[in-house]
Amino acid sequence: MTIQWFPGHMAKARRQVTEKIKLVDIVFELVDARLPLSSRNPILDEIIGEKPRIIILNKSDLADPIETKKWVAYFNNQGIAAVPIIAQEGKGMKQLMEKAKEILKPKFDRRAAKGIKPRAIRAMSIGIPNVGKSTLINRFIKKNVAITGNKPGVTKAQQWLKLGKELELLDTPGILWPKFEDPDVGKKLALTGAIKDTILQLDDVAMYGLEVMKTRNPKAIAKRYQLTEEELNLETPELLMLIGERKGFRDDYTRASELIIHDIRSGKMGKYTLDIAPVSLPEGQGN
């Protein structure tokens with residue numbers, strides 16, 4: 001399964017972000033907590049440069065909590081602040097603002113020492129499609145100003161939003177990169193919904209998801225689809241067909257695939273993290 005996707009509006013968005021980055025104090029880089037590395041656009045490092053940033057691990061309720069702790073530690077070790085949140089529920093927003101104030105305190109103290117009047121923090125929200133940027137904004141302002149949708153590519157233009165007296169946020173469209181050097185990255189992004197389903201072979205995505213879950217959480221698959229151990233050990237295409245039949249989708253691989261992908265994305269097969277953090281937690285912190 002080879003996946004490439006780089007619509008024209010993404011190339012335009014990249015140029016706009018590059019132009020506007022100098023206007024902000026800090027960058028909020030949203031990633032999917034289930035794939036904190038694979039959902040980071042490598043192009044953004046070049047665009048952001050030395051600008052302060054916070055990596056926001058959204059959808060942390062769907063991710064393995066131990067792996068999320070490891071990823072926070074990993075980014076901290078790289079000198080980058082990281083905060084897990086659940087934008088849909090508004091959890092972690094207070095911690096995010098506290099971290100932004102902490103990082104920018106030296107800058108704002110210098111401004112105050114020069115007699116410059118205090119102002120709101122100016123931040124840019126950035127990330128790949130469908131990581132929850134619009135949902136984050138709506139939670140900040142507590143009303144639906146940014147357009148949201150559970151599909152990639154909803155935000156098509158940049159917009160400044162004033163969020164109370166503390167924050168002015170520049171929202172940007174999701175930007176994917178033109179080529180995935182590692183084919184597994186494309187598969188992970190497809191499985192979690194960062195790439196439009198309409199350009200994918202859904203049965204390929206579903207089978208990749210089943211293979212991952214068979215390795216990571218076989219009990220969850222068995223319970224979800226009432227599978228015996230023997231059935232669970234079937235070859236993946238046969239397992240897809242069997243699940244389809246169990247759900248009344250005999251010979252309808254598209255509907256069976258859609259069901260499996262939905263169940264994985266929505267956490268019905270348990271919490272999971274597709275990117276494994278290359279760090280260990282100190283003893284006692286993994287609980």
Side-chain angles (χ1 to χ4, degrees), residues 1-6 31-42 57-59 61-64 67-68 71 127-132 150-153 174 176-227 229-247 249-278:
M1 179 172 63
T2 302
I3 299 168
Q4 302 299 338
W5 190 47
F6 199 61
V31 300
D32 189 319
R34 296 167 293 180
L35 48 160
L37 201 58
S38 296
S39 62
R40 291 191 72 203
N41 187 337
L57 293 94
N58 191 26
K59 307 183 183 182
D61 53 323
L62 299 175
D64 180 331
E67 286 299 319
T68 298
W71 277 111
I128 69 169
N130 207 30
V131 288
N150 189 23
K151 60 185 180 216
L176 274 174
W177 51 112
K179 183 180 180 182
F180 304 129
E181 299 296 337
D182 181 351
D184 277 347
V185 170
K187 293 176 183 177
K188 292 174 183 179
L189 293 173
L191 183 60
T192 52
I195 300 171
K196 290 183 178 179
D197 288 340
T198 52
I199 70 164
L200 300 171
Q201 293 290 332
L202 292 184
D203 55 342
D204 285 344
V205 178
M207 286 191 286
Y208 170 73
L210 287 174
E211 288 167 4
V212 169
M213 291 299 161
K214 282 171 70 174
T215 302
R216 304 279 176 87
N217 200 351
K219 291 183 180 178
I221 298 182
K223 182 179 180 181
R224 180 69 183 166
Y225 303 120
Q226 300 179 323
L227 301 171
E229 185 174 345
E230 183 180 358
E231 289 169 337
L232 190 59
N233 290 324
L234 289 170
E235 292 295 319
T236 309
E238 295 177 52
L239 182 58
L240 172 63
M241 292 168 60
L242 175 63
I243 292 171
E245 289 179 7
R246 289 270 166 87
K247 295 297 180 178
F249 305 146
R250 187 179 184 87
D251 297 330
D252 190 338
Y253 304 125
T254 298
R255 290 186 68 189
S257 298
E258 288 173 344
L259 170 73
I260 291 165
I261 292 168
H262 174 268
D263 285 353
I264 293 173
R265 287 178 182 171
S266 61
K268 288 183 170 61
M269 289 199 218
K271 299 177 187 292
Y272 63 95
T273 300
L274 300 177
D275 291 343
I276 304 304

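Residue Leu191 holds its CG atom at 9.0 Å from CG of Leu35, rounded to the nearest 0.5 Å. One distance of note links CG of Leu57 with OG of Ser39; it measures 8.0 Å at 0.5 Å rounding. Expressed to the nearest 0.5 Å, how far NZ of Lys247 lies from CD1 of Ile260 amounts to 10.0 Å. Taken to the nearest 0.5 Å, the CG atom of Leu240 stands 10.5 Å off from the CD atom of Glu211. Atoms CG and CG, from Asp275 and Leu37 in turn, are 5.5 Å apart once rounded to the nearest 0.5 Å. In this structure, Leu210 CG and Asp203 CG are separated by 11.0 Å, a value rounded to the nearest 0.5 Å.
When side chains are defined from C-beta on, Trp71 counts as touching Thr273, because their heavy atoms get closer than 4.5 Å. Residues Lys214 and Leu239 have side chains in contact (heavy-atom distance under 4.5 Å, counting atoms from C-beta outward).
Ala194 and Ile128 make their closest contact through CB-CD1, 3.8 Å (heavy atoms, listed as atom of the first residue, atom of the second, distance). Across all non-hydrogen atoms, the minimal contact from Lys188 to Thr192 is O-OG1, 2.9 Å. The nearest pair of heavy atoms linking Asn130 to Gly193 is ND2-O, 2.9 Å.
Residues passing the salt bridge (Lys or Arg N to Asp or Glu O under 4.0 Å) test with Asp184 are Lys187, sequence neighbours excluded. Remark: Asn58 pairs with no residue by the side-chain hydrogen bond (donor to acceptor under 3.5 Å, both in side chains) rule, at least two apart or across chains. The side-chain contact (heavy atoms from CB on, under 4.5 Å) search around Pro237 returns Met207, Glu235, not counting sequence neighbours. For Glu245, the salt bridge (Lys or Arg N to Asp or Glu O under 4.0 Å) partners at least two apart in sequence or on another chain are Arg250. Residues satisfying the side-chain contact (heavy atoms from CB on, under 4.5 Å) test with Ala220, not counting sequence neighbours, are Asn217, Met269.
The environment of Lys268 atom NZ is dense: over 12 non-hydrogen atoms of other residues, nucleotides or ligands sit within 6.0 angstrom.
Under the side-chain hydrogen bond (donor to acceptor under 3.5 Å, both in side chains) criterion, the residue pairs touching residues 252-263 are Arg224-Asp263, Tyr225-Asp263, with sequence neighbours excluded.
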For this session: Apply side chain to side chain contact (heavy atoms under 4.5 Å, CB included) to Arg246 and Leu227, showing your working.
Result: CA-CA 10 Å; Arg246 289 270 166 87; Leu227 301 171; 3.6 Å; yes
For this session: Please assess Val212 against Ile264 for the test side chain to side chain contact (heavy atoms under 4.5 Å, CB included), listing each intermediate value before the final yes or no.
Result: CA-CA 10 Å; Val212 169; Ile264 293 173; over 6 Å; no
For this session: Given side chain to side chain contact (heavy atoms under 4.5 Å, CB included), test Ile243 with Phe249 step by step and report yes or no.
Result: CA-CA 8 Å; Ile243 292 171; Phe249 305 146; over 6 Å; no
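Considering Arg216, Glu67, Arg34 in turn, Arg34 is the only one that fulfils the side chain to side chain donor-acceptor pair (under 3.5 Å) rule with Tyr272.
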